[in-house]
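Read through the structure below, which is laid out as structure tokens, and then see the notes.
Throughout, residue positions are numbered sequentially from 1 according to the sequence presented.
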Amino acid sequence: FRSGTSPDSNFDRYQLGYLPYPGGKLRQITNDTNNYRSLSLSADGKLAAVVQTRSTSTLSVAPYTDKQLGTPSIVVDRPVAWDFNWTPDGNLLVTLENKIYRMNADGSNRVPLLNDNFASSSPVSCADGKYIFFGSALRDGKPKYNIWRMDAQGGNIKQITTGDVESPAMCSPDGKWLTFEGTMNSKNIAERVSVDGGTPTPISDDALACGCINYSPDGKFIAYQAEARGGDKVVIQILDAETFKTVRKIGRASCRERV
């Protein structure tokens with residue numbers, strides 16, 4: 001038979017097992033990071049056929065100018081890179097199978113910053129380079145996914161939010177605030193919290209179309225992508241970073257406008 005995710009595993013995967021009927025003891029056939037689907041048996045029950053699927057994710061970088069994009073070079077291809085972000089000094093923060101690493105832009109000098117038994121992802125470095133924020137599940141013993149903070153070199157971990165499901169987005173250029181994706185009334189919304197924690201402030205009650213909640217380089221504006229309302233197109237909302245009042249709306253379908 002095919003079994004799903006194990007409660008003590010960080011992997012969402014389907015594995016193969018054998019259970020004699022009736023009253024037999026389960027025997028695991030596979031135990032790896034692949035998925036096994038479409039299991040079937042031969043007519044005599046002696047052979048099994050299954051489709052093995054393997055996920056890959058390659059992180060690459062390329063030089064860029066206002067005139068052209070250079071040739072990409074692979075930074076990470078194994079283990080699977082889930083997400084990444086940049087540090088102020090040009091290094092990379094990369095999530096590799098629930099662990100967070102810092103490395104040079106070419107993938108060299110890979111240093112584990114967070115390598116424990118809790119699933120973590122979405123690292124965000126503040127503009128002053130002092131802290132790294134990340135999302136993590138079950139770290140406080142509760143079935144929630146919250147935002148935590150650690151020092152730039154790892155360690156000194158502190159919980160920042162306490163909601164149900166929250167994911168960090170971006171620090172303000174002055175390093176005082178963190179925008180993040182939270183939940184309210186069963187929808188994902190944009191929120192802001194101090195880098196030292198405390199009570200978050202909703203930025204808007206718009207339902208987010210994605211978790212990208214960005215500050216402008218001068219820190220005066222916040223932009224995010226909102227889901228359609230009443231049949232309207234998905235739009236990019238640009239707000240004043242202090243008052244949270246809408247400054248401009250940009251239709252997602254327009255290719256000529258940029259935030």
Show the nearest heavy-atom pair for residues [X] and [Y], with the distance to one decimal.
{"X": "Ile160", "Y": "Ser194", "answer": "CG2-O, 4.1 Å"}
{"X": "Arg149", "Y": "Asp196", "answer": "NH1-OD1, 3.0 Å"}
{"X": "Asp240", "Y": "Thr243", "answer": "OD1-N, 3.0 Å"}
{"X": "Gly70", "Y": "Ala62", "answer": "O-CB, 3.6 Å"}
{"X": "Leu19", "Y": "Gly24", "answer": "CD1-O, 3.4 Å"}
{"X": "Ala81", "Y": "Val94", "answer": "CB-CG1, 4.0 Å"}

**Prompt:** Who are the side-chain contact (heavy atoms from CB on, under 4.5 Å) partners of Thr87, not counting sequence neighbours?
**Reply:** Asp89, Asn91, Leu93, Ser125

For the hydrophobic clusters of this structure (ILVMFWY residues joined by side-chain heavy atoms under 4.5 Å, transitively), does one cluster hold both [X] and [Y]?
{"X": "Trp148", "Y": "Phe180", "answer": "no"}
{"X": "Val193", "Y": "Tyr131", "answer": "yes"}
{"X": "Val247", "Y": "Ile213", "answer": "no"}
{"X": "Ile250", "Y": "Phe221", "answer": "yes"}
{"X": "Tyr101", "Y": "Trp86", "answer": "yes"}

**Request:** Decide side-chain contact (heavy atoms from CB on, under 4.5 Å) for Thr201 and Phe244; before the verdict, give the C-alpha distance in whole Å, the side-chain angles of both, and the deciding distance to 0.1 Å.
**Result:** CA-CA 10 Å; Thr201 302; Phe244 300 151; 3.9 Å; yes

**Item:** Intermediate values then yes/no, side-chain contact (heavy atoms from CB on, under 4.5 Å), Ser204 and Ile189
**Value:** CA-CA 7 Å; Ser204 169; Ile189 65 167; over 6 Å; no

**Request:** Return yes when atom NZ of Lys158 has more than 12 non-hydrogen atoms of other residues, nucleotides or ligands closer than 6.0 Å, and no otherwise.
**Result:** yes

**Asked** Hey, is NZ on Lys144 packed in by over 12 heavy atoms from elsewhere, all under 6.0 Å?
**Response** yes

Is there a donor-acceptor pair closer than 3.5 Å between any side-chain N or O of [X] and the backbone N or O of [Y]?
{"X": "Asn98", "Y": "Phe118", "answer": "no"}
{"X": "Ser172", "Y": "Gly219", "answer": "no"}
{"X": "Tyr145", "Y": "Gly135", "answer": "yes"}
{"X": "Asp151", "Y": "Gln153", "answer": "no"}

**Message:** The test is side-chain contact (heavy atoms from CB on, under 4.5 Å); show your working for Tyr36 and Asn34 and say whether it passes.
**Reply:** CA-CA 7 Å; Tyr36 297 87; Asn34 300 313; 4.0 Å; yes

Heavy atoms, side chains only, cut-off 4.5 Å: are [X] and [Y] in contact?
{"X": "Ile100", "Y": "Met150", "result": "yes"}
{"X": "Thr53", "Y": "Tyr14", "result": "no"}
{"X": "Thr95", "Y": "Phe84", "result": "no"}
{"X": "Pro123", "Y": "Asp83", "result": "yes"}
{"X": "Arg110", "Y": "Val76", "result": "yes"}
{"X": "Ser122", "Y": "Phe134", "result": "no"}

Gap separating the [atom1] atom of [X] from the [atom2] atom of [Y], nearest 0.5 angstrom:
{"X": "Thr161", "Y": "Leu178", "atom1": "OG1", "atom2": "CG", "value": "8.5 Å"}
{"X": "Asn146", "Y": "Leu138", "atom1": "CG", "atom2": "CG", "value": "9.5 Å"}
{"X": "Ser136", "Y": "Ile147", "atom1": "OG", "atom2": "CD1", "value": "11.5 Å"}
{"X": "Thr183", "Y": "Asn188", "atom1": "OG1", "atom2": "CG", "value": "7.0 Å"}
{"X": "Glu166", "Y": "Glu191", "atom1": "CD", "atom2": "CD", "value": "6.5 Å"}
{"X": "Ile203", "Y": "Asp205", "atom1": "CD1", "atom2": "CG", "value": "12.0 Å"}

**Asked** Just checking, is any N or O donor in the side chain of Arg139 or Ser120 under 3.5 Å from an acceptor N or O on the other one?
**Response** yes

**Message:** Could you check whether Glu181 and Ser167, counting side-chain N and O atoms only, form a donor-acceptor pair closer than 3.5 Å?
**Reply:**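 Not at all, the side chains of Ser167 and Glu181 share no donor-acceptor pair under 3.5 Å.
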
**Trace of the side-chain contact (heavy atoms from CB on, under 4.5 Å) decision for Tyr215 with Trp177** = CA-CA 10 Å; Tyr215 273 95; Trp177 301 100; 3.6 Å; yes

